[in-house]
Amino acid sequence: MFTVEFDHDNVNITIIDDSGHHEDIIIDAFDDIVYIQQHDQELDSTSIIDISPGMWEELIAAIDSPEGAFIKRKLIQKRLT
């Protein structure tokens, strides 16, 4: 199960382990940075990593990719006048 919430400057995604064995994963995605966090009950601390939005996009693309090495190229849109 997961939830998605939109705020004026970020997207908040919470991924919940349906089996109850793992703590929730919380993703806060902003225009310039993405935070991924998960609380550890045993240590009573939260681990947080920060990645660029480009790394986040590559992570999402990697989930459905076959084995191999890939370069994700940005689509450049050019307005013709």
Side-chain angles (χ1 to χ4, degrees):
M1 179 177 157
F2 62 92
T3 64
V4 178
E5 299 175 51
F6 296 101
D7 200 353
H8 67 282
D9 64 345
N10 80 309
V11 176
N12 178 275
I13 301 167
T14 302
I15 303 169
I16 301 162
D17 176 25
D18 296 333
S19 71
H21 290 85
H22 303 281
E23 294 292 325
D24 297 351
I25 295 174
I26 299 170
I27 295 116
D28 282 311
F30 297 86
D31 287 340
D32 59 344
I33 195 162
V34 177
Y35 295 106
I36 302 170
Q37 60 181 308
Q38 185 178 41
H39 186 73
D40 185 328
Q41 276 190 318
E42 291 180 20
L43 298 175
D44 192 28
S45 68
T46 300
S47 297
I48 301 173
I49 63 168
D50 59 270
I51 60 176
S52 70
M55 292 170 72
W56 172 252
E57 290 172 7
E58 288 185 349
L59 173 64
I60 298 304
I63 291 170
D64 293 323
S65 295
E67 185 176 3
F70 303 87
I71 296 175
K72 188 171 183 293
R73 298 189 190 274
K74 288 186 177 184
L75 175 64
I76 299 173
Q77 295 180 343
K78 192 174 190 179
R79 183 176 179 192
L80 301 175
T81 57

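Hydrogens, waters and symmetry mates are skipped; everything else that's a heavy atom, side chains included, is used.
Side-chain atoms of Asp7 never come within 3.5 Å of backbone atoms of Asp9 as a donor-acceptor pair (strictly under, hydrogens ignored).
Residues Val4 and Ile60 share a hydrophobic cluster, clusters being chains of Ile/Leu/Val/Met/Phe/Trp/Tyr side chains in contact below 4.5 Å. The cluster map of Ile, Leu, Val, Met, Phe, Trp and Tyr, joined by side-chain heavy atoms under 4.5 Å apart, puts Met55 and Leu59 in the same cluster. Grouping the Ile, Leu, Val, Met, Phe, Trp and Tyr side chains by contacts below 4.5 angstrom, directly or via other members, places Ile33 apart from Ile49. Linking Ile, Leu, Val, Met, Phe, Trp and Tyr residues whenever their side-chain heavy atoms come within less than 4.5 Å places Phe6 and Trp56 in a single cluster. Linking ILVMFWY residues whenever their side-chain heavy atoms come closer than 4.5 Å, directly or via other members, places Ile25 and Val11 in the same cluster.
Within the 4.5 Å cutoff, the side chain of Ile36 has heavy atoms near those of the Ile51 side chain. Between Thr46 and Glu23 the shortest side-chain heavy-atom distance does not fall below 4.5 Å.
Here Asp44 pairs with His39 under the side-chain contact (heavy atoms from CB on, under 4.5 Å) rule; sequence neighbours left out.
Heavy-atom contacts from other residues, nucleotides or ligands closer than 6.0 Å to CD1 of Ile71 number 12 or fewer.
Here the closest heavy-atom approach between residue Asn12 and residue Thr14 is recorded as OD1-OG1, 3.5 Å.
The distance from atom CG of Asp32 to atom CG of Asn10, rounded to the nearest 0.5 Å, is 11.0 Å. How far CG of Asp24 is from CZ of Phe2: 13.5 Å, rounded to the nearest 0.5 Å. Distance check, rounded to the nearest 0.5 Å: CG of Asp50 to CD of Gln37 gives 11.5 Å.
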